[in-house]
Amino acid sequence: MLGYRQRNRVFQVRGHLAVRAEQHHSRRGLVSSCNRSRPLPLEHSGEIKPDDKLYQIRHSLAHVLAQAVLELREGATLGFGPPIQDGFYYDFVLPEPITESDFPELERRMRRIIKKNQRFYREELPKTEALARIDEMGEPYKREYAEELCAKNGLEALSFYRNGPFLDMCEGPHVESSKEIPRDAFKLRSVAGAYWRGDSRNKMMTRIYAWAFEDKATLDSHVEAYELAQARDHKKLGRELDIYVIDNEIGRGLPLWLPNGTVIRDELEKLARELEFKDGYQRVATPHLAKQELFYRTGHLPYYAEDMYPPLEVIEHTEHGDEVKESYVLKPMNCPHHHKIFASSLRSYRELPVRLAEYGHVYRFEDSGAVGGLLRVRGMCMNDAHIYCTEDQIGAEFRNVIQLYDHAYSILGLKDYYLRLSCWDPDDPLGKNKYVDEPEAWEKSQDALRAILKELELDYVEATGEAAFYGPKIDVQFPTVTGRYESLSTVQLDFAIPKRLDLKYVGSDGAEHVPYCIHRAPFSTHERFVAYLIEHFGGAFPTWLAPVQVQVLTVSEQFDEYAQKVVDVLRADFVRAELASANDTVAKKIRDGTTRKIPNLLVVGEREVASQEVTLRRYGVREQLTMSLESFKAKLLKTIQTRALEFMQ
RNA sequence: GCUCACAUAGCUCAGGCGGUAGAGCACUUCCUUGGUAAGGAAGAGGUCAUCGGUUCAAAUCCGAUUGUGAGCACCA
């Protein structure tokens, strides 16, 4: 599993939040070049470069695939076909669809092509000749791209690669001959739609993904690791472990949290409350609805309208019998509500920073194709807080928030993530509609975040066009079992909305000032965070998070009385302990407890009853420990209280 | 939203070239009181996602719809 994740990592550089002042680790794993920004697309991961043999093999295999597809679907036209992490893909417009049932035939043809020892010839043609050749080839998409290449980059010549009968406009490089391509180290993986040039206004092409490695053993181990990882999929484990269900009569993307899942939520909330209490947050609570008008004032509407559930129209009657219509919306975020709490009293600079925290429910009308499992839902509960502060306090508050992340991640043992500084895109076609139109404020706040990251010696990736409309943010990206990265935690700087809502405080100069706002969600939403934790732990939660912490099982029914006493003693201290059903054999009870991934199984029989002991069988551990009930309870409580990942001896 | 695929019992799946369904697990009852990953028996469970079409006959073929998955786009 670990191997898979390492191989499949998209970015070399991960964030490590080693910033706790009191325990100054010697820059564990920090990369000192803080401004090393990286482009985001998968194919530009930096792990594999054009000079690498594997890059060339993958790139050449893409051409071989295209050749095979053209054999199978005469009249197909070509899009892009780059090498990517773990393999390659190629995009086509096909006269007849290709499905995964065509893969065996395609792979056969690819092997046959490779066997022909086709040489890859590079040829450069001057611009006009090149365009003429592309027209001859009948490749409209290549033509479009070629024109753009020439126009944007001022190219005077374009390169082509030919292998066998296949000709493609391509930058290369490729292997010299197809005999350099191992015939047994690739595997077609999936077929999917993909927009030409990644733009949804363009035609949807057919993309064929494939895995490709230097040899069969690497491919096999990769595929095996991938399949193993699929066993940790939160959708699969969520059902097997009774964590949540999604019922279509409730609605798409609206999960129902079962008792087991609710325990996990409660424990996470408890942890968040403790950490936030220590950091001076105050808890607030707000309704799920608000008047639509509020979101016009904040600037969310109309820009954000299609991502919200449509408004509820309410008619109220005045005392004169007149009808007054009002529109309410389900809030897609908590900030306007919190802003109103900030505005509920006259604030002095002496109060700042004000930190308002809430696990708040929000509703977003996500596109149907985006919704899936717990990772992308339409109703979610967010570990939200808004920090209102002066400009001078921004640095310290960001540092506090990042320390809070670090603390939370270290408790959970999370290491496999990277930081992304999400900036605005001055060239965004939506331009002024999408982003707050204050270029200087953008530059200034982005510089401020860069400075903080640098000061904390955190490495990060910079992503243009990923900012919130009101300011830049630092997102923490975590991998899912499919190898994709999702934003989990986020901390955002907002220099716009407080002004729009007329938030203010009285400064030391006696004048009114607009506060800055920091939005942050270290534990993300319950939905996404629990999804990640299920996959991270493979469903085998540490004791403090486990829905059932201890299951007591007896060797035979005659010891049930003692077992029940063990359960009662533990439950008296709020341990989630339960008694296994009586009518099974020990072996069966062990199996059931193990299948449910219960962290601590206690076996009691004649010996334990006689000595008032318990025999502990930890999840995934062969060796058992027999100890007194009192001793076990003390160790267990310590394990839970310290939120230890392992049982505390 | 888009492309492709898929939809059979609570779960995992088999079957069905058109004649109204089957297994394992789970569940219920009974037997068994068993020291470490499945003790045994019986029973209950399904308009084969929904709607429409073709047909003497549809769970099977066709269409639409809904849902799910992979990917693309989106993602405060």
Between P of B/rC4 and CZ of A/F103, the distance in whole Å:
14 Å
With sequence neighbours left out, the residues meeting salt bridge (charged side-chain N to carboxylate O under 4.0 Å, His left out) with A/K187 are none
Sugar-phosphate or base contact per nucleotide [nucleotides 68-74 of chain B; S, B, -; heavy atom under 4.0 Å]
SSSBBBB
Separation of the C1' atoms in B/rG22 and B/rU66, to the nearest angstrom
27 Å
Rounded P spacing from B/rU54 to B/rA59 in Å
15 Å
Within this structure, what is the CD-to-C1' distance between A/E96 and B/rU3, rounded to whole angstrom?
15 Å
In whole angstrom, give the distance that lies between atom CZ of A/F92 and atom P of B/rC4.
16 Å
Length of the CD-P vector between A/E100 and B/rU3, whole Å:
17 Å
Evaluate the side-chain proximity of A/L106 to A/I208: yes if any heavy-atom separation is below 4.5 Å, no if none is.
yes
Is the positively charged end of A/R58 above the ring of A/F88, judged by distance under 6.0 angstrom from the centroid and angle within 45° of the axis?
no
Check the side chains of A/Q612 and A/S628 for a donor-acceptor pair under 3.5 angstrom, ignoring hydrogens and angles.
no
Is the closest basic N to carboxylate O distance between A/R73 and A/D102 below 4.0 Å?
yes
A/Y435 OH to B/rC75 P, straight-line distance once rounded to whole Å:
8 Å
Let me spell it out: for each of A/T206 and A/E486, pick the nucleotide of RNA chain B with the closest heavy atom. Which residue's pick is nearer the 5' end?
A/T206
Between B/rA7 and B/rA14, how far apart are the C1' atoms? Round to whole Å, please.
15 Å
Pairing string, 5' to 3', for RNA chain B - Watson-Crick or wobble contacts under 3.5 Å, brackets [ ] where pairs cross, | to another strand
(((((((..((((.....[..)))).(((((.......))))).....(((((..]....))))))))))))....
Rounded to whole Å, how long is the line connecting atom CG of A/D247 with atom P of B/rA49?
17 Å
Aromatic ring proximity, centroids under 6.0 angstrom, A/F469 and A/Y435
no
Is a donor from one side chain sitting under 3.5 angstrom from an acceptor on the other, for A/D592 and A/T595?
no
Output the rounded distance in Å from CD1 (A/I208) to P (B/rA5).
13 Å
P atoms of B/rU12 and B/rA26, separation to the nearest Å
15 Å
Side chain to side chain donor-acceptor pair (under 3.5 Å) pairs touching residues 365-389 of chain A, sequence neighbours excluded, are A/E276-A/N383, A/N334-A/D384, A/H338-A/H386, A/H339-A/Y388, A/E366-A/R376, A/H386-A/H519
P atoms of B/rC25 and B/rU20, separation to the nearest Å
28 Å
Kindly confirm or rule out a cation-pi arrangement of A/R197 over A/Y141, judged by NZ or CZ under 6.0 Å from the six-membered ring centre and within 45° of its axis?
no
Checking one value: the base orientation of B/rG45, syn if chi is within 90 degrees of 0, otherwise anti.
syn
Check ion pair A/D307-A/R364 (N to O, under 4.0 angstrom)
no
So if I define the base as every atom that isn't primed, P, OP1 or OP2, how would nucleotides 33-41 of chain B read as a B/S/- string at a heavy-atom cutoff under 4.0 Å?
BBBBBBB--
Could you measure between the two P atoms, the one in B/rG35 and the one in B/rG43, and give it in whole Å?
30 Å
Rounded distance in Å between the C1' positions of B/rG40 and B/rG52
49 Å
Taking the same atom, P, in B/rC13 and in B/rA70, what whole-Å distance lies between them?
14 Å
Check this for me: does any side-chain nitrogen of one of A/E397 and A/R355 sit under 4.0 Å from a carboxylate oxygen of the other?
yes
Pairs where residues 248-259 of chain A contributes a residue and the test side chain to side chain donor-acceptor pair (under 3.5 Å) is met, not counting sequence neighbours
A/W257-A/E527
